[in-house]
2 protein chains.
Amino acid sequence: MKKIALKDIAANFGVSISTVSKAVNDSHEISKELKEKIQKYAKEHHYRPNHVALSLLKKNTKTIGVIVPNILNYFFTLVFYGIEKTANSRGYSIISCISDESYLKELKTVELLSTGTVEGLILSLSEETQAKGNVEHLQNLIENQIPLVMFDRVSEEVDCDKVVVDDFEAGYKTTKHLLKTGCKRIVIVSAIYNSSVGKLRVDGYKKALKENGVEYDERLIVEVRKNDDLQLLISLLLDNKEIDAIIALDEITAVDTLNILKSKDIEVPKEISIVGFTNGRLSKYVSPALTMVSQHGQYIGEQAANILIDRIEKEGDMPYTTKLVKTSLIERDSTKKILGNSSSY
Amino acid sequence: MKKIALKDIAANFGVSISTVSKAVNDSHEISKELKEKIQKYAKEHHYRPNHVALSLLKKNTKTIGVIVPNILNYFFTLVFYGIEKTANSRGYSIISCISDESYLKELKTVELLSTGTVEGLILSLSEETQAKGNVEHLQNLIENQIPLVMFDRVSEEVDCDKVVVDDFEAGYKTTKHLLKTGCKRIVIVSAIYNSSVGKLRVDGYKKALKENGVEYDERLIVEVRKNDDLQLLISLLLDNKEIDAIIALDEITAVDTLNILKSKDIEVPKEISIVGFTNGRLSKYVSPALTMVSQHGQYIGEQAANILIDRIEKEGDMPYTTKLVKTSLIERDSTKKILGNSSSY
DNA sequence: CTGAAAGCGCTAACAG
DNA sequence: CTGTTAGCGCTTTCAG
């Protein structure tokens, strides 16, 4: 049985296409008898109105595009899940693309989608795009009136709605917590040295140090590049500087760091505390379970989707908003407990 | 600047729409001068042919639908990644839906997509659908000539292309490996007791036992239900039966099991070996690192996408195929090493 | 070389 | 109550 169209039903009953259209849509303009006959026939033949034709006619596709840099990263998986969930509940499908951290793929995808396929776009910048700073493709998008919501990895040069983690506050809060547990020489290990996100966290870290009268030592900020040996970097750190805490800016680095410390028989958190960013699947299963900063990925996705769909559906232009999502520190066993309230802090 | 259509360009130059169409498509029918003028104008105004109109006309959307039960499961994330990658490389976009293990959502999604939006569908059954065994919606799909590829959680009642893990062989291979390391009382802990996948693995397990003259003891097959306490189940097992190996049918259960054993001061693998299914992100970071069965999720996704697109593009109907993807045992530190070749096995 | 007309599947205003 | 017509944006014969 091939796909069936209004035309076919019309031919079958010897009536016009518009009559059939009205009948299947249960219009009051059509006689009960005819309507029932047609509807029965339609059901039996699995008639389904062609979505593409409707999109063309109504000029809405009920579809939004989502571009994430790397779906294997649990944070993005969570965001994606949040987007899908709320988009779906609001009647939208999503076309999803993975830019694989490549500028070119991001560009191609944006161009492909901005062609009437989707009514709006949710995007987090690829690493390469961020490094290059080339966001013309996104500016075109908003020039062409296609709603865009950026999340997490955003660009200041693009004027659109944004949902971002409050990374500054996260860096600040995390550092302050470590200070409160008695740590003073706090290292940051970052594999995302050239992202806005990474910089903000370090800024928050600096502020916390300053407020607590701890001097900032730039040698404690360690950048891990693609082919660097984390083991080596940490060894150097341990040999040359007294340190008592490590903040890892991503989960894998946090776990790796933990394992390296364990292999050197350093007790966590007694000798060195560890806090990691991005509360994912690993942290609670390693031992000691890692204290992590949760970014509420799913919530971010839900927010992004709601903001986008609101903008698609509301007429008149509301001003662009930037939503700051606060992080939570999930305390586990890789950090010391804060001393009682009566402590000297 | 609003979206611009052929009509607008035509009006601007006082020529007909079809002329503009030909010009932007660089047809030889149009004079060089006019073509250049029009192309220049089109480029300046970011003209992009409306994808929806083209889809309607050409009757192809260059889009495929993907329905996964649960994207937070790393295996599915991997499959999804594989699908996206190859679909993209072959010029297809993907509309992705998460059924959230719900029959109703799966049904709704299939109906939504089978309406001309996508040219084909890749799907893994939701838990609920599998339990219910209701696959009418999928049979309708193939009746309506919409290509379907099922992967991992498939149904025998649906006649379509399939890509499945060779779970029987996986169960067999894993068990055999454990036997070779000297284990004899091997437990299977399963949270997927009513899936085809789970059953096949147990069947493979039985075969391996039989071949090696080890008697099958059904009390060693432990089913973990949603609200069951794994800790308790394992304690019972340890108390009442001599056991020396545990096969966990999913990664979380494997890690949980490991932690439970560790908390009871049972040495892994010296006293009890552990093998888990689905090599995900956790296994290599816990200690001891877990020996796991890898199912090559990304490869499965790639295969599924290729098979689907082949079927979409080839005319004439080729017979349906079922592709069996072999698993690999990733040996880490939760199992004993196999004794030298000179051993008595 | 350029344009008119038809049509992809559907809806909606307007006649009959 | 039913049908005719126009049109969503585009391509593609077929005339001119």
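To find a chain, count down the sequence lines: A is the first, B the second, and so on, and within it residues start at 1. Just so you know, these numbers come straight off a predicted model, no measurement behind them.
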Item to check | Centroid-centroid distance, A:H296 to A:F75, less than 6.0 Å | outcome: no
Checklist entry - Less than 4.0 Å between a side-chain N and a carboxylate O, is that true for B:K85 and A:D100? => result yes
Next on the checklist: So that I can tick it off, tell me whether B:R153 and B:E101 are bridged by a salt bridge, with the cut-off set at under 4.0 angstrom between side-chain N and carboxylate O.
Outcome noted: yes
Checklist entry - Does a nitrogen or oxygen in the side chain of B:T19 sit under 4.0 Å from OP1 or OP2 of C:dT2? => result no
Looking only at N and O atoms, is any donor in the side chain of [X] or the base of [N] less than 3.5 Å from an acceptor on the other one?
X     : N      : answer
A:K7  : C:dG7  : no
B:S18 : C:dT2  : no
A:S21 : C:dA12 : no

I need the [atom1]-[atom2] distance between [X] and [N], as an integer number of Å.
X     : N      : atom1 : atom2 : result
B:N25 : D:dT13 : CG    : P     : 13 Å
B:Y47 : D:dG9  : OH    : P     : 10 Å
A:L6  : C:dC10 : CG    : P     : 4 Å
A:K22 : C:dT11 : NZ    : P     : 11 Å
B:D26 : D:dT11 : CG    : C1'   : 16 Å
B:H28 : C:dT2  : NE2   : C1'   : 13 Å
B:I4  : D:dC8  : CD1   : C1'   : 17 Å
B:E36 : C:dC1  : CD    : P     : 13 Å

Next on the checklist: Over 60° means perpendicular and under 30° means parallel, so tell me whether A:Y103 and A:H137 are parallel, tilted or perpendicular.
Outcome noted: perpendicular
Of the nucleotides [options], which one has an atom closest to the side chain of [X]?
X     : options                : answer
B:I17 : D:dT11, C:dC14, D:dT13 : D:dT11
B:E29 : D:dC14, C:dT11, D:dG3  : D:dC14
B:I30 : C:dT2, C:dC8, C:dC14   : C:dT2
B:S16 : D:dT11, C:dC8, C:dG3   : C:dG3

So what does [X] hit on the nucleic acid, given a heavy-atom distance under 4.0 Å: a base, only sugar-phosphate, or nothing?
X     : result
B:F13 : nothing
A:V52 : nothing
A:L57 : base
B:S31 : sugar-phosphate

Checklist entry - Start at the 5' end of DNA chain C and walk down; is the nucleotide closest to B:K58 or to B:G14 reached first? => result B:G14
Checklist entry - Looking just at side-chain N and O atoms, do B:D159 and B:Y320 make a donor-acceptor pair shorter than 3.5 Å? => result no
Checklist entry - Is it true that the side chains of B:Q298 and B:E302 contain a donor and an acceptor less than 3.5 Å apart? => result yes
